[in-house]
Structures are given as C-alpha cells and as structure tokens.
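Have a look at the structure below before the remarks.
Quick note: numbers below take in every heavy atom, side chains included, and nothing from hydrogens, waters or symmetry partners.
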Amino acid sequence: MFTSQCSLQESIDGEDKSTDLDPEEEAPPGNFYYALYEIRDDSSVTLIDTNLPSQAEPDLQSHISKRLGKGTLLFGIGSTATLELSIPEKVIGCYHCLFQQDKHGAEEDKTFLNYVVCFLGGTEKGLELFRVELDGYVQELPSSLILQESDMKTEIGIYVSSWYEDSIMYIHRVVLLAQERISSLLHAALRRTPVNVLGADDKTKQDIERFLNAASVHGLAQEDVSSASSCGASVVEPQKSLLIDCSQLQPTFLNEGKNRFCEEWSQAFLNSAEGGNAFLLRQILENFKLKAIQDLNNLKRLVRQAETSHYALFRCYTFLQNCGNGDVLLQNVKVEYAEMPEAGSIVQVLEEFSQEETLSHLN
C-alpha cells in the first residue's frame, strides 16, 4: 500500500516535510521593521527612512555596507539573512534587495539612483518562503514613489511600512475569508480550474489570485513538457469556472470541486490560522504541494510499470482510492501520456474504474 490515511495525516502534521520551520517559529512572530537606504556614487550608504529603534539601525547599515562591498547584493534579486540587532527579538530575519530608480524621465537624460530596501521580521527561513512575493513588492516600489525630495520620505514610508500586510499576510486573509471552503481553492489550484471572483475589492481579488498561484504545482512536478504542452488543450476537458461571490458578508462558492485530499489539508490551514502566523501557513502550503507532487510521481511510476504488469495496474487503482486526490492525479497523467499509447490506455482504464466507482457510490 503506497498512500494511506495515516501517511496523509503525517504529511499534514509535519512528519513528511522537506523544509521545516524551527519549533520556535511556530509561535507568532514579533515586530516587523523596514529600512530604506540610498547608495551614493562612492558606495556610501545613507539612511532615508526606517522604523527600527535608533540603537539597532547602525548595525543594519553596517551589514548592508559589508554586503555591498562583497558584491553579494544583486539588482532586483532579493536575499535573506539572519541578523543580531538591538531589538526585543535580538535575532531576526532580514530580506534585502538592491534596486534602481529613474531620477529624470527623459530618455536622453536618464539618471539612476541606487537604493537598498530591507524588510525585517520573523526568521530567515520564514522570509525565504515569501521571497518571490517580496521581490515582486520591490519591483512595484519605484512606481509608487513621488521623487521630489520633500515628499520622498513620506511616500516611501507609507509604502514600505505595509510590506508585511501586503506581501506576507495574504494567505492568512484568504483562509479567514474562505473558512472551510479553502478546500475548494486548494482543489482549484491543483486542477488549474479558472476562478472568477465577484463582488470583491481589488485587494481581495489579488489575495485570492496570489493564493492560487502559491498553491499551484504547475511546473514543479516532473513531466514531459513537450507532450503536455502540445496535447494539454485537446486532452483535458473544459472546466467550469469556480465562482466566488463576495458581495455578502460570507462568500458563496459555485461550481466548486472537492476531494478528500484537499478537505483533509484544509483542516491544517484552519487550525493554524487561529494563531495568525503567516509563515507557518506558508510552510503548510509548501507541504501540501510537496505531498501532491510525491503522489503524482508515484502514480506515474506505477502507470509505467502497469504497461507490463497487471498487478501494477491493480496497485495504480488501489493507490488512487487511498490518496484521496485521484481526480487531480488522473488529469495530470492523462495530459502527460496523451501521445504514449500504452501508458495512455492504462490511464483510460483507470478513469473508467474511477467513474464506475463514483457511480456506484451515487446509486
């Protein structure tokens, strides 16, 4: 038996993780800080704005100067580190990114200013889980600024002080919004089901879109790219869009897909959301994706074995019954093996078995 209720629960509880948070990281993190520095032509570092305590900022500035001297800060690519600063947390995670901003708009007279932005909070491991989101946040940062010297500090302070709410807390907000229907969003992410959000503000729509992107395993699993890309559109049946109506206090979900795998994982999100620790929620999301990928790779291996073994075919069927994610896995292998007659016929048999079982349960 390859996957069982026990092994799934172990994954949810953390027994089957590739990247774990430290035990102390399961507690809600403390304060969150930011700092923005201008890098002069002589490579000197000048503070523009920060909410760090005055006794802690010089240590951060010294750290940035050393990183610049070593050439380890790259334009537009953030990195994370663990710092010891004179703050209540003493040890804290730090994300920093070097970026440029146009001082003048005319193409023939462009002048670029160099800056380093720092976001501090939680731990290095926790921030690393959100590095893609933080990189995107920095990329949007220059367009948000008014470059007049008198206004710059005010504008940058408003923007960067919201980094934690805007870039990290979106998973927590989506879980609180969806509640037990978070399983439907997880299922939509795995199946790449179109999702339409109605009656919501732009921030809520963005939160849901980012959650779906973060929960997707597309491009992470081992797959035959040429086969999947050339045949995916013709092999996978059109899906009804998941509709989320947020016009009322409690959102309603229409055309939602469900399976046991996503429903069981949804409990881990709901239980952890109570503590408000966004880093822990992201780690659960990564474990969810890891388990889905492991199950997909196991099924693909069994399908190839079933080409020459009837017993392996039975093991495929048993695996699909126990994993709770059979509809998602079959959809993926159907696309990948569309141009492989032997493997494709195995998948077709598995689909027929699964459909017959579904009908027997309904009757």
Start with the C-alpha distance between C323 and L329, add both sets of side-chain angles, then the distance that settles side-chain contact (heavy atoms from CB on, under 4.5 Å), and finish with yes or no.
CA-CA 10 Å; C323 72; L329 301 184; 3.7 Å; yes
Heavy-atom closest pair, residues [X] and [Y]:
| X | Y | answer |
| --- | --- | --- |
| Y164 | A278 | OH-CB, 4.0 Å |
| L190 | A292 | CD2-CB, 4.1 Å |
| N114 | Q100 | OD1-CG, 3.0 Å |
| I48 | Y115 | CD1-CE2, 3.3 Å |
| V138 | F99 | CG1-CD2, 4.0 Å |
| F288 | A215 | CE2-O, 4.1 Å |

Side-chain heavy-atom pair [X], [Y] within 4.5 angstrom cut-off:
| X | Y | result |
| --- | --- | --- |
| I284 | S272 | yes |
| L185 | L242 | yes |
| L296 | V328 | no |
| C97 | I77 | no |
| K258 | F253 | no |
| V217 | L290 | no |
| L134 | I168 | yes |

Can any side-chain N or O of [X] pair as donor or acceptor with the backbone N or O of [Y] at less than 3.5 Å?
| X | Y | result |
| --- | --- | --- |
| T50 | Y34 | yes |
| S266 | E263 | yes |
| D49 | L36 | no |
| S65 | Q61 | yes |
| S309 | Q305 | no |

Regarding [X] and [Y], do their side chains bring together a donor and an acceptor under 3.5 Å, going by distance alone?
| X | Y | answer |
| --- | --- | --- |
| H187 | D327 | yes |
| D166 | Y159 | no |
| T82 | E124 | yes |
| S62 | D59 | no |

To the nearest 0.5 Å, what is the distance between [atom1] on [X] and [atom2] on [Y]?
| X | Y | atom1 | atom2 | result |
| --- | --- | --- | --- | --- |
| N213 | H218 | CG | NE2 | 11.0 Å |
| T252 | I244 | OG1 | CD1 | 9.5 Å |
| C316 | N298 | SG | CG | 10.5 Å |
| R192 | N332 | CZ | CG | 6.5 Å |
| N277 | M169 | CG | CE | 9.0 Å |
| R40 | S43 | CZ | OG | 12.5 Å |

Going by salt bridge (Lys or Arg N to Asp or Glu O under 4.0 Å), name the residues that satisfy it together with R131, two or more places apart in sequence or in a different chain.
E128, D135
Answer yes or no: is there an ion pair linking R181 with E256, defined by an N-O contact shorter than 4.0 Å?
yes
For the pair K205 and E209, find out whether any cationic side-chain nitrogen is under 4.0 Å from an anionic carboxylate oxygen.
no
I would like to know whether V117 and W163 meet side-chain contact (heavy atoms from CB on, under 4.5 Å); could you show each step before the answer?
CA-CA 11 Å; V117 64; W163 71 269; over 6 Å; no
Residues clustering with L73 (ILVMFWY side chains joined when closer than 4.5 Å, directly or via others):
Y33, Y37, I39, V45, L47, L52, L60, I64, L68, F75, L83, L85, I87, I92, L98, V116, L120
Give the other cluster members for V132, using side-chain heavy-atom distances under 4.5 Å between Ile, Leu, Val, Met, Phe, Trp and Tyr residues; answer none if it is isolated.
none
Is it possible for you to say whether I182 and L243 belong to one hydrophobic cluster, with membership spreading through side-chain heavy-atom contacts below 4.5 Å?
no
When clusters are formed by joining ILVMFWY residues with side-chain heavy atoms under 4.5 Å apart, either directly or through shared neighbours, do I208 and L176 land in the same one?
no
Evaluate the side-chain contact (heavy atoms from CB on, under 4.5 Å) criterion for residues D295 and N297: first the C-alpha distance (whole Å), next the side-chain angles of each, then the deciding distance (0.1 Å), finally the verdict.
CA-CA 5 Å; D295 285 350; N297 290 333; over 6 Å; no
Enumerate the salt bridge (Lys or Arg N to Asp or Glu O under 4.0 Å) contacts for residues 60-88, please, sequence neighbours excluded, ordered by first and then second residue.
none
Which residue pairs pass the salt bridge (Lys or Arg N to Asp or Glu O under 4.0 Å) test with at least one member in residues 167-176, sequence neighbours excluded?
E165-R173, R173-D207
Please determine whether side-chain contact (heavy atoms from CB on, under 4.5 Å) holds for the pair D245 and L254, giving the CA-CA distance in whole Å, both sets of side-chain angles, and the decisive distance to 0.1 Å.
CA-CA 8 Å; D245 187 351; L254 301 175; 5.9 Å; no
Should the heavy atoms of other residues, nucleotides or ligands under 6.0 Å from CD of Q248 be counted, would the total exceed 12?
no
When you look at CG of D202, are more than 12 heavy atoms from neighbouring residues, nucleotides or ligands closer to it than 6.0 Å?
no
Check the orientation of F279 and F130. Use parallel for under 30°, tilted for 30 to 60°, and perpendicular for over 60°.
perpendicular
For F119 together with Y95, are the ring centres under 6.0 Å from each other?
yes
Applied to residues 49-74, the ring pair (Phe, Tyr, Trp, His ring centres under 6.0 Å) test, sequence neighbours excluded, yields H63-H96
